[in-house]
Amino acid sequence: MSSSAPIGVFDSGLGGISVVRQIVKDMPNEQVLYFGDSAHAPYGTKSPEQVRALSFAIVERFVRQGVKAVVIACNTATSAAVNELREHYDIPIIGMEPALKVACDRGDVPSDPHHIPQRVIVAATPLTLRERKFAKLMERFDSDNEIYKEPCPDLVEIVESGRLGDRDLVMRTLHGYFDQYDLNRIDSVVLGCTHFVFYREYFRALLPERAAIIDGNEGTVRHLGVVLESLGRLAPEGAHGSVALANSDPSERIAALSRDLLNR
Ligand code: DGL
């Protein structure tokens, strides 16, 4: 497999474009083929079987296109399909999970031998929070921390329908999900869905300054780099990076929205 082959990146829709932005920033020599499955979004309210079938169809398409690796830029598709995809394909498949470890590790202060319990809200899709993969992740951290699971499906719909710029709608929706918490006691909010990364500024406005907002995009791209490097498949220095956007919804509306999110 040539190191100048593209990387396939997919999501249920437009959220994974936030991951593409991170790849462009951190790995500018790479060619990215993005596939958003907006015709079938959201994934987060579907069954794991449905999401698995949709994910396999997309990876099959990438394999035909000759990608050197696949990034599942979707926490939901990762929880439903990453193990099966890895068993089936022999190219590297990079998945994503809510960055709960990063949030909880903030309680390990070098000057203090005791872990300071962290109060963390994980915002993700209903499917991600329901799946076994997240239950196992949570088991590792919930005895030493307070972890709250908050499914936020409307935040996916708002991005897909192009209403991310509607501040009143977004803030009303965030208040609907988060007013039940005493946010002054919260140490961090984990954005456990790639669509939510586009809401960072809104979360900043919602949360007190002391609360951190954590997403997994940087860590995922770092991991992608490590895997490609170990296989000798990083794009050559000086290679010309590019992004090609494709979507199962062929409308100009989705194409324009995708370009907009990539360049915002
Ligand atoms: N962007 C996806 C994620 O990271 C899923 C959104 C959805 O389709 O429900 O979980």
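Along the sequence shown, residues carry numbers from 1. Counting convention: from 1, in listed order, for ligands and their atoms alike. Heavy-atom basis, side chains included; hydrogens, waters and symmetry copies ignored.
Taking distance alone, with nitrogen or oxygen atoms compared against 3.5 Å, T194 approaches ligand 1 more closely than that limit. For ligand 1, none of its N or O atoms has an N or O atom of T128 under 3.5 Å away.
Put simply, the side chain of V59 does not reach to within 4.5 Å of the side chain of V67, judged on heavy atoms.
Both the backbone and the side chain of C193 come within contact range of ligand 1, each with a heavy atom under 4.0 Å. For N75, heavy-atom contacts with ligand 1 shorter than 4.0 Å involve the backbone as well as the side chain.
Open room surrounds CD on E229; 12 or fewer heavy atoms of other groups in view lie less than 6.0 Å from it. Annotation for K133: atom NZ counts as buried by contact number, over 12 foreign heavy atoms lying within 6.0 Å. Counting heavy-atom neighbours within 6.0 Å of D112 CG, excluding the residue itself, gives a total above 12.
Side-chain polar atoms of D144 and H115 form no donor-acceptor pair below 3.5 angstrom. The closest side-chain donor-acceptor pair between S251 and R253, if any, does not fall under 3.5 angstrom.
Residue Y43 approaches ligand 1 through these ligand atoms, each under 4.0 Å from one of its heavy atoms: 7 (C), 8 (O), 9 (O). The atoms of ligand 1 that sit less than 4.0 Å from any heavy atom of T125 are 5 (C), 6 (C), 9 (O), 10 (O). The distance from ligand 1 to the heavy atoms of D11 drops below 4.0 Å at these ligand atoms: 1 (N), 2 (C).
In terms of protein heavy-atom proximity, atom 9 (O) of ligand 1 is closest to G44 N, 2.8 Å. The protein atom (non-hydrogen) at minimum distance from atom 5 (C) of ligand 1 is T76 OG1, 3.4 Å. Atom 6 (C) of ligand 1 has its closest protein heavy atom at S12 OG, 3.4 Å.
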Mind running side chain to side chain contact (heavy atoms under 4.5 Å, CB included) on E218 and R222 for me, showing each step along the way? CA-CA 6 Å; E218 218 182 302; R222 203 180 314 122; 4.0 Å; yes
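A distance of 8.5 Å separates OH in Y202 from CE in M171, rounded to the nearest 0.5 Å.
For C74, the closest heavy-atom approach to ligand 1 falls below 4.0 Å.
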